[in-house]
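Everything below concerns the one structure shown next.
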Amino acid sequence: METEAVTDFVYAHIPEIILLIGGLIALLIVYAYIKDGASMKYKTSMAIGVMFGVLMIFLSVSSYADWEMFVAVVIAVMGFTLVIRPFRDVHFAVIGALLIMVLVYIFLGGLTGTELSFIAEGWPRIIAAFAVGAVAYMIMSFVEALIKLFGKLFNWWPFLLILALICIVESIFMFMGYGSLYDFVTGGQ
């Protein structure tokens, strides 16, 4: 009976719990970064942040219709912030473009014996795969630059601290029945 009450409580307060935990993890990351940005505590807190950030993003995407828009946006932004932090300097565009080049090269090999067999072997196949990979790289590089821009802004520790405090205050307001922080600031309009 007691387990059922706890389950009902958690299910009824998922956004508040997510906001509170995400805010506390972000505070831990800020604290560990300020204390020693190369410490194991900082790296561990970032790893926990990535795992919980993925959960936050998943829940905000799958449950946003049941939540207030401000709450869903704050959860999604905090989730993105926690996930992107350790990957700020990784160049995914090169890895993605190489993967696409290999896949296009393999796909073009399957066109042997068709009207497009001239592109299925030799230099045309290599050039076509390279061209598609180059276009994919340009697109992914642009997207990567945008993600890094937002990632650097969101992971600047003063911004992360403010976002963590917003999450914690939002969850407290929701637990206490005051609605959203947005409603409190705008007067419920």
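The residues of the chain are indexed from 1 along the displayed sequence. In this text the structure is predicted, and so the values were computed from the model without any measurement.
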With rounding to the nearest 0.5 Å, note down the distance linking CD1 in Ile21 to CZ in Phe52.
4.5 Å
May I ask you to test the Ile17-Phe175 pair for a side-chain heavy-atom distance under 4.5 Å?
yes
Could you state the interatomic distance from CD1 (Ile172) to CG (Leu165), rounded to the nearest 0.5 Å?
9.5 Å
Considering only heavy atoms from C-beta outward, does the side chain of Leu146 approach that of Phe142 to under 4.5 Å?
yes
So SG of Cys167 and CG of Leu27: to nearest 0.5 Å the spacing works out to 9.5 Å
Joint cluster assignment, Val135 & Val104, ILVMFWY side-chain distance < 4.5 Å
no
Would you call Val74 and Glu170 a side-chain contact if the rule is heavy atoms closer than 4.5 Å?
no
Between Ile126 and Tyr105, is any pair of side-chain heavy atoms under 4.5 Å apart?
yes
For Leu163, run the side-chain contact (heavy atoms from CB on, under 4.5 Å) check against Val30, Thr81, Leu82, Ile168 and tell me which one passes.
Thr81
Got Ile25 and Ser45 here, is their nearest side-chain heavy-atom distance under 4.5 Å?
no
Let me know which of Ile127, Ile100, Leu103 forms a side-chain contact (heavy atoms from CB on, under 4.5 Å) with Val132.
Ile100
Atom CZ of Phe70 with >12 non-hydrogen neighbours under 6.0 angstrom
yes
Could you tell me the separation between the NZ atom of Lys41 and the CG atom of Leu28, rounded to the nearest 0.5 Å?
7.5 Å
Please determine whether the number of non-hydrogen atoms from other residues, nucleotides or ligands lying under 6.0 Å from atom CZ of Phe58 exceeds 12.
no
In terms of heavy-atom contacts, does CZ of Phe173 have more than 12 from other residues, nucleotides or ligands at under 6.0 Å?
yes
Per the ring pair (Phe, Tyr, Trp, His ring centres under 6.0 Å) rule, which among Trp157, Tyr33, Tyr31 passes with Tyr42?
Tyr33
Leu20 side, atom CG; Met174 side, atom CE - distance, nearest 0.5 Å
11.5 Å
